[in-house]
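Taking it in order: structure first as structure tokens, then the write-up.
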Amino acid sequence: MPHLFATSDLHVTHEGNAPLVDEVVPRTPDDWLLVAGDVAERAESVIGVLRTLRERFAKVVWVPGNHELWTTQKDECQLRGQARYEHLVERCREIDVLTPEDPYPVWEHQEKPLTIAPLFVLYDYSWRTPAADGLPMLAAIEQAREAGVLCTDEFFLHPDPYPSRQAWCADRVKISTERLEAIPEDHGTILMSHWPLHRHPTEPLYYPEFALWCGTTETEDWHRRFRAEVAVYGHLHIPRSTEADGVRFEEVSLGYPREWRKRSRGPIPLRRIF
């Protein structure tokens, strides 16, 4: 029986993480792998790791995280926003890695067919603390900064040609909704995304204000609406299994070395979903 594995937030440019890619290996030649974003910041590093993983697994499905969408001075690829995303999609197609722009694959090894839906939906600053409810977006961000947290996306994740990250998110939600609605009704789904689709995984955040950069209220019912058997995500660096409305949520991130070195179980770069 083939296995379905998942990983995210490998952050291979952080010292100590790159060697752990050697542990992301299948158990059978027919195993599949879901990669839920934040492989690296540099485009060539992202594609290099995905190429290696595709050589090992029968199928690899990738969604971008915020780090893949950063445009930094050290990256030879200086494309921004949508153009950067489209560049990564094309590079993935060259190495036979599936993306949110490709036909959704179907996992046939459960009681019913499960369509794997790789989703790129971003965030829109709608996940607020009670103190930030009703405030203008910039005021909510300022409140987060005063609390000691400001996401680096504010400097490196450009929404071009959209006027804002919220506008880009709104378009991605529309595109994703249309594709999810086209999935056959007799299929269940495996929803994979970098940012969690439901807010409950953000509850343990040390800085609750960081939820601003973690998702959108527009996806809060997708696990029910689109018949999810499991929702796979990363971003938070809080690897764990939770449940909402009877649906399993799997946070599959490796995280930074300073994080996994503190855990008694050490680094876990690969999780089995099925």
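Residues: numbered from 1 along the sequence shown. Any value given below was found using the heavy atoms of this structure, including those in side chains, with hydrogens, waters and symmetry copies removed.
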Can you tell me how the ring of [X] sits relative to the ring of [Y], calling it parallel under 30°, perpendicular over 60° and tilted otherwise?
X	Y	result
Trp70	Phe156	tilted
Tyr125	Trp213	perpendicular
His11	His237	perpendicular
Phe249	His200	perpendicular

The residue among Leu191, Thr189, Leu4 that forms side chain to side chain contact (heavy atoms under 4.5 Å, CB included) with Ile116 is Leu4
Check ion pair [X]-[Y] (N to O, under 4.0 angstrom):
X	Y	result
Glu229	Arg248	no
Glu178	Lys174	yes
Lys112	Asp186	no

For Glu181, all residues meeting side-chain contact (heavy atoms from CB on, under 4.5 Å), sequence neighbours excluded: Thr177, Arg225, Phe226
Return the set of residues passing side-chain contact (heavy atoms from CB on, under 4.5 Å) with Glu220 (not counting sequence neighbours), or none when no residue passes. Trp127, His198, Arg199, Thr217
Enumerate the residue pairs fulfilling salt bridge (charged side-chain N to carboxylate O under 4.0 Å, His left out) with a member in residues 141-161, sequence neighbours excluded, ordered by first and then second residue. Arg80-Asp160, Glu142-Arg145, Glu154-Arg165
What residue pairs, at least two apart or across chains, pass salt bridge (charged side-chain N to carboxylate O under 4.0 Å, His left out) with a residue in residues 29-50? Glu44-Arg91
Any side-chain donor paired with an acceptor under 3.5 Å for Thr115 and His187? yes
When rounded to the nearest 0.5 angstrom, what distance separates CG in Leu197 from CE in Met192? 11.0 Å
Apart from Val106 itself, members of its ILVMFWY cluster (side-chain separation under 4.5 Å) are none
Could you give me the CA-CA distance, side-chain angles and deciding distance for Trp195 and Asn66, then say whether side chain to side chain contact (heavy atoms under 4.5 Å, CB included) is met? CA-CA 9 Å; Trp195 296 272; Asn66 53 314; 3.7 Å; yes
Are Trp168 and Phe120 near enough that their ring centres are under 6.0 Å apart? yes
In short, ring-ring contact (aromatic ring centres under 6.0 Å, His included) pairs touching residues 130-152 with sequence neighbours left out are none
